[in-house]
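In this chain, numbering begins with 1 at the start of the sequence shown. Start at 1 and go down the list; that is how both ligands and their atoms are numbered. Not measured: the values here are computed from a predicted model.
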Amino acid sequence: MTIQWFPGHMAKARREITEKLKMIDVVFELVDARIPLASRNPMIDEIVSSKPRLVLLNKADMADPAITAEWERYFREKGIATLQIDSQSGKGVGSIASKARELVKDKIDKMIQKGMKPRAVRALILGIPNVGKSTLINRLAKKNIAKTGDRPGITKKQQWIKVGKELELLDTPGILWPKFEDQIIGLRLAATGAIKDELLDFQEIAVYVLKFLKERYPERLKERYKLESIPEDVIELFDEIGKKRGFLQGGGWVDYDKTAEIILRELRSEKLGRLTLEKPDDYE
Ligand code: G4P
């Protein structure tokens, strides 16, 4: 479920996360591997500056592996630890606990030096809506933890989920808002399904997606829609896909709504293969 964010919601979400940060050692920042920067909160660095952070590139199963490797390098160069995961199948999830432990090693070593008994590392999952927070919590908990009506401000008693002996996780994630003010970022979020569909103009997003596919994945576009060549003009391309699929209405006109919906649905369900909508150098 996607939240409509208002300034009051944002302030409250931020306050709640600041409170949660007091209880934990490390933050797991969940991002969508298909849009690793577009799916980050714009104030994340400032909000969690006091804690070590592990960026989890979730939905890596849907992303282009070569570009995910570029993103890993990008974060590494900034001194941020990352891990590729697929919370749905569980791939990569088994490495989270040991990676978290590495990040708080100094803190734990100091505790031991002071004669304190070492304890499990405490973590909080943070991310924008639909990035996969609940799926990951359930995967780590190895059971279904009820979703707290995915809205900021709805709280219940916090509980710790034990993940093996070494890790404890807060059972409710921190939910933050995306960077929706930027148009391109908004389109990337919409294309991947991070924004509630009812709020979207499908045709605008489909045009964006077609431009993107034409530039980055032209062969897949040709193959999927059985095109001999890709028209220069993106509206012509839209038209051709509609005709190929037989989405015509009265007078032989292409039904753009239906065509747009199919293009988006196929992109999101990997009918066009694993792909990533942004590269690190798009931001240079
Ligand atoms: P949230 O708590 O952050 O809001 O996200 P949530 O876990 O509800 O996940 C949002 C959608 O993303 C879900 O799909 C979920 O199955 C899917 N998802 C989460 N992690 C992964 C992943 O690593 N790989 C893939 N391929 N999908 C992932 P949905 O269509 O909304 O629901 P459903 O079809 O699973 O029922």
(message) Going by the closest heavy atom to atom 17 (C) of ligand 1, which one wins out of E270, K91, Q88?
(response) Q88
(request) Could you tell me the separation between the CG atom of L30 and the CD1 atom of I85, rounded to the nearest 0.5 Å? (result) 5.5 Å
(request) Report the part of L136 in contact with ligand 1, treating N, CA, C, O as backbone and CB onward as side chain, heavy atoms under 4.0 Å; options are side chain, backbone, both, neither. (result) neither
(message) Does any N or O of ligand 1 fall below 3.5 Å from an N or O anywhere on M62, backbone included?
(response) no
(message) Give me the atom names and distance for the closest heavy-atom approach of G273 to R220.
(response) C-NH1, 3.5 Å
(request) Scan Q159, E16, Q158 and name whichever one has a side-chain hydrogen bond (donor to acceptor under 3.5 Å, both in side chains) with T172. (result) Q158
(message) I want to check something: taking the side chain as every heavy atom from C-beta on, are Y256 and F202 in contact at a cut-off of under 4.5 Å?
(response) no
(request) Decide if the gap between the ring center of Y217 and the ring center of F212 is smaller than 6.0 angstrom. (result) yes
(message) I'd like to check which ligand 1 atoms, numbered from 1 as shown, lie under 4.0 Å from a non-hydrogen atom of D61.
(response) 22 (C), 23 (O), 24 (N), 25 (C), 26 (N)
(message) Between ligand 1 and P129, is the shortest N or O to N or O distance under 3.5 Å?
(response) no
